[in-house]
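Written out below as C-alpha cells is the structure these notes cover.
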Amino acid sequence: MASSGIKLKRRAEFLRVAAKGTKAPMPGLVLQAMRRPDEAPARLGFTVTKKVGNAVARNRTKRRLREAARLVLRREALRGTAVTGVDLVLIGRDGTARRPFPALLDDFGRALRRTGALGASRRSDPPIEPGE
RNA sequence: CCAGACGGCUGGACGGUCGCUGUCGUGCGUGCACGAUGGAGGAAAGUCCGGGCUCCACGGAAGAACGGUGCCGGCUAACGGCCGGCGGGGGCGACCCCAGGGACAGUGCCACAGAAAACAAACCGCCCGCACGGCGUGACGGCCCCCGGUUUCGACCAUGGGCCGCCAUGUUGCGGGCAAGGGCGAAACGGUGCGGCAAGAGCGCACCGCGCUGCCGGCAACGGCGGCGGCAGGGUAAACCCCACCGGGAGCAAGACCGAAUAGGGACGGCAGAUCGCCGGCCCCGCCCUUGGCGGGAUCGGCAUCGGGGGCGCUUUCGCCCCGUCGUCCGGGUUGGUCGCGCGAGGCACGCAGCGAUGCGUGUCCCAGAGGAAUGACCGUCCCGCGGCGCGCAGGCGUCGCGGACAGAACCCGGCUUACAGGCCGUCUGGCCCC
RNA sequence: GGUCCGGUGGCAGAGUGGUGAUGCAGCGGACUGCAAAUCCGCGAAUGUGGGUUCGAUUCCCGCCCGGACCU
C-alpha cells in the first residue's frame with residue numbers, strides 16, 4: 001500500500017474522521033474526508049459493515065474500493081495534483097461489489113472533489129484504461 | 001432406453017495490463033528497487049465432539065457433585081467418529097432408517113373415553129339355583145260358563161271367557177359360577193383353530209408367541225434344534241432413576257522474550273530545620289604519677305523537646321495521618337516489536353495384509369502464513385448450461401443475450417453437522433424393447 | 001477463541017406431556033345528540049426439519065434467527 005500512503009487503523013481515527021470530516025455519498029461508495037494540518041500523503045481507511053453480506057462479499061467490496069482508490073490517487077499524482085494532507089474513509093455499500101468498475105472510479109473522483117480533498121477545477125477526467 | 005439405489009471424484013481453462021504478500025538472491029539511500037519463486041477450501045463455515053501444544057492446580061490416586069456416552073466385535077492417538085456383524089422396522093428390489101443397557105432396586109405418570117389403566121376386579125352379557133314367586137306370551141291337561149250347528153238325546157263339532165296344574169320363553173329381584181362375546185381406549189392377565197362345558201376358561205390339544213433349560217454354531221451380540229412350563233402377569237427410563245464406562249481447569253487474546261520518552265511503586269545509601277538538653281562511639285588538646293580517670297573542643301548516631309506545610313476528626317484547646325533532594329538496585333507495566341508459527345497422527349504413487357475401517361513397507365515431494373487482516377482488480381479468447389432468431393428433412397450449424405454454485409485460512413490435526421449451479425466415473429436394482 | 005440464554009396472535013406476555021391464558025391494539029354491536037370511558041362479542045399464534053411417545057409449546061437431536069457474558 002505504499003503508493004496510497006498510510007493506513008488508518010485505530011477505531012478512534014475512524015470516529016474522528018466521521019465526526020469532523022465532510023461526507024459525500026455516491027452510488028458506489030460513501031467518502032468521508034478530513035483535512036490535516038500537514039501536507040503528508042493521504043491516509044486511507046475502509047469500512048464495510050455486516051449489512052453488505054458475508055465475508056466473501058465484504059472482502060470483495062473492500063478490494064474493489066482499494067483498487068479504485070489506488071488507481072485514482074496515482075492518476076492525480078502523475079498529473080501533479082496529488083491528494084495530500086487529508087484522511088479518507090471509504091465506506092462500502094450494498095451495490096459496491098456489482099457496480100461497473102469505471103463507474104466506481106468516477107464515483108470516487110467526484111467524491112474527492114465534493115469533499116474538497118481535490119481541486120474542483122476540472123470538469124471531466126480522461127478515462128483510466130482498465131488494468132493500466 | 002426409462003425409473004431408481006449406493007459409492008467416489010470434480011467444482012472452470014488459457015492469456016494480457018496493473019497491484020498485494022511470504023521466502024531467497026543482488027544493490028544501495030535500511031526500507032525501497034530489481035530478479036526468481038510460493039500464495040485459500042471441500043466444506044477454510046457452524047463450534048457439536050475428540051486430540052496435540054501451552055499455562056494453572058494437584059502427593060500417586062480415589063470419591064462426591066455435575067455433564068456425557070450406552071447391542072456386539074474391530075479400527076484409531078482419541079472420539080459421541082468409522083468399518084463389519086446382530087436385532088427391530090420400511091421398500092417388489094438394489095437398499096434405507098433405528099439413543100438399540102436395566103421396568104422383580106425404588107419413585108412418578110398414563111388426559112378423554114371406559115365397569116375397570118395396574119391390582120385386581122366385573123357394566124352389559126352368558127349359565128345355574130332360589131322367590132314351587134309375581135307379571136306377559138304360547139302349547140298341553142282338567143273344571144266351569146257361553147254364541148252357534150248337528151243329533152240316534154248318550155254326545156260331538158266349534159266360538160269366546162274364567163280358574164287350576166305343568167312346561168317353555170321373556171321380564172324383575174336375590175345368591176352363585178364365568179371372563180368367551182359386546183363396548184371404551186394408544187394400551188385391558190397371549191393369538192388362531194378344534195375339543196370340552198350348565199355356561200365358560202390353557203380346562204385339554206395343535207400351531208404361533210413367551211419364559212426356563214440343555215445341546216450345537218459364533219470371540220460376542222445373537223441364532224438354530226430339542227426338552228420342560230400352560231403363561232409366570234401393561235406401557236413409559238429422549239420421566240426421575242439404577243448400572244457400566246469417560247471427563248482436573250483454562251485456552252495461541254494460551255504462553256515466552258524485548259521494551260523508549262514520561263509518570264508512578266519498593267529497597268538501600270548519602271546529604272538535608274533548631275536546641276548551649278541527656279546518653280553513647282570516634283578524633284584532637286590539657287591535667288591527674290598512668291593497662292585508667294577528669295575537663296574542654298570538634299563530629300556522628302539515638303532519645304527528648306520545640307518548630308514548618310497539607311489533610312481529616314464540628315471551629316478552638318486537642319488528637320491522628322502524610323509531606324525534601326540525589327544516586328544505585330529491584331519489581332510491575334501502556335502503545336509497540338519478536339517468538340510461538342508451519343516437517344505434520346503431512347501429501348502423492350506403488351506394493352503387501354485385511355470383506356472393510358485401517359495398518360505396514362518402499363519411493364518421492366516441501367505445499368499459504370496475513371495482522372483494518374495479503375492471496376486481488378479489470379479485460380480478452382475459449383468451455384458449459386438456458387433462452388431468442390436464422391439455415392437445415394434430421395443429427396446439427398451460425399449468431400445474439402443471460403447465467404456459471406456454496407463460500408475466505410487466523411495455532412494445528414482427526415471426525416460430525418450444515419450449505420452447494422453444473423459436470424464426470426463406477427457398482428447394483430426394477431421395468432420395457434431388440435438380437 | 002469460548003460459554004450461556006431465548007424465539008408463543010400486530011405488540012407485550014403466562015403456560016413442565018392431554019383443551020394455549022391475559023392485557024394493549026384491531027373489527028362489530030350496545031350505550032351517547034356525537035365522542036371518550038364502560039359493557040358484550042369476534043378474528044388471529046407455538047421459528048424450522050426430524051425423532052421419542054397413544055399424544056409434543058413442553059422431552060431429545062440438527063438447522064435458522066436474536067441476545068447476553070468471559071478471555
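Chain letters run A, B, ... following the sequence lines, proteins first and then strands; every chain starts at 1.
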- Item | Among B:C378, B:G372, B:G19, the one nearest A:R74 by side-chain distance |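 That would be B:G19.
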
- Message: What's the closest nucleotide to the side chain of A:R70 if the choices are B:G372, B:G19, B:A373?
- Response: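 Closest of the options to the side chain of A:R70: B:G19.
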
Quick one: look up who [N] pairs with, Watson-Crick or G-U, both distances under 3.5 Å, and put none if it's unpaired.
N      : answer
B:G340 : none
B:G136 : B:U169
B:U364 : B:G347
B:G234 : B:C110
B:G93  : none
B:U37  : B:G22
B:C268 : B:G327
B:C6   : B:G426

Integer angstrom distance from the [atom1] of [N] to that of [M]:
N      : M      : atom1 : value
B:C194 : B:G181 : P     : 14 Å
C:G51  : B:A94  : C1'   : 27 Å
B:G340 : B:G67  : P     : 43 Å
C:G18  : B:C110 : P     : 10 Å
C:C61  : B:C416 : C1'   : 13 Å
B:A187 : B:C225 : C1'   : 35 Å
B:A57  : B:G249 : C1'   : 8 Å
B:C384 : B:C425 : P     : 15 Å

Check the distance between [N]'s [atom2] and [X]'s [atom1] and give it to me in whole angstrom.
X      : N      : atom1 : atom2 : value
A:K62  : B:G19  : NZ    : P     : 22 Å
A:N59  : B:A44  : CG    : P     : 18 Å
A:F46  : B:C20  : CZ    : C1'   : 13 Å
A:R75  : B:A377 : CZ    : P     : 21 Å
A:R66  : B:U21  : CZ    : P     : 10 Å
A:F108 : B:A377 : CZ    : C1'   : 15 Å
A:F101 : B:U17  : CZ    : P     : 18 Å
A:L104 : B:C378 : CG    : C1'   : 12 Å

Do [X] and [Y] come within less than 4.5 Å of each other through their side chains, counting heavy atoms only?
X      : Y      : result
A:L90  : A:T47  : no
A:F108 : A:L31  : yes
A:V72  : A:L112 : yes

With a cut-off of less than 4.0 Å, is there a side-chain N or O of [X] near OP1 or OP2 of [N]?
X     : N      : value
A:R63 : B:C378 : no
A:R64 : B:C378 : yes
A:R60 : B:C378 : yes

- Message: Let me confirm one number: the CG-CD1 distance from A:L65 to A:I91, rounded to the nearest 0.5 Å.
- Response: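 Going from CG on A:L65 over to CD1 on A:I91, the span is 10.0 Å.
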
Decide, for [N], between syn and anti: a glycosidic angle within 90° of 0 counts as syn, anything else as anti.
N      : answer
B:G422 : anti
B:G154 : syn
B:C321 : anti
B:A40  : syn

- How close do A:L105 and A:A68 get, heavy atom to heavy atom, and via which atoms?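 Shortest heavy-atom contact: CD2-CA, 3.6 Å.
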
- Indicate the atoms forming the closest heavy-atom contact of A:A33 with A:V86, along with that distance.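 Scanning both residues completely, I find the closest heavy atoms to be CB-CG2, 4.2 Å.
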
- Message: If the test is side chain to side chain contact (heavy atoms under 4.5 Å, CB included), which one of A:D106, A:T96, A:D107, A:L104 qualifies with A:P27?
- Response: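 Exactly one option meets the side chain to side chain contact (heavy atoms under 4.5 Å, CB included) with A:P27, and it is A:D107.
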
- Who are the side-chain contact (heavy atoms from CB on, under 4.5 Å) partners of A:A103, not counting sequence neighbours?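 Applying side-chain contact (heavy atoms from CB on, under 4.5 Å) to A:A103 gives A:R99, A:P100.
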
- Query: Can you name the residues that form a side-chain contact (heavy atoms from CB on, under 4.5 Å) with A:T22, not counting sequence neighbours?
  - Reply: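 A:T22: side-chain contact (heavy atoms from CB on, under 4.5 Å) contacts with A:T115.
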
- Does NZ or CZ of A:R64 fall inside the cone over A:F101's six-membered ring, less than 6.0 Å from its centre and within 45° of the axis?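 Not satisfied by the 6.0 Å and 45° rule.
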
- Determine the stems involving RNA chain C; a stem requires 3 or more consecutive pairs of the Watson-Crick or G-U wobble kind, each with both distances below 3.5 Å, and the answer is none if no such run exists.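 The stems are C:1-7 with C:64-70, C:10-12 with C:22-24, C:26-30 with C:38-42, C:47-51 with C:59-63.
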
- Message: I want to confirm an ordering. Mapping A:V48 and A:A97 to their closest nucleotides on RNA chain B, which one lands closer to the 5' end?
- Response: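 It is A:V48 whose nearest nucleotide is closer to the 5' end.
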
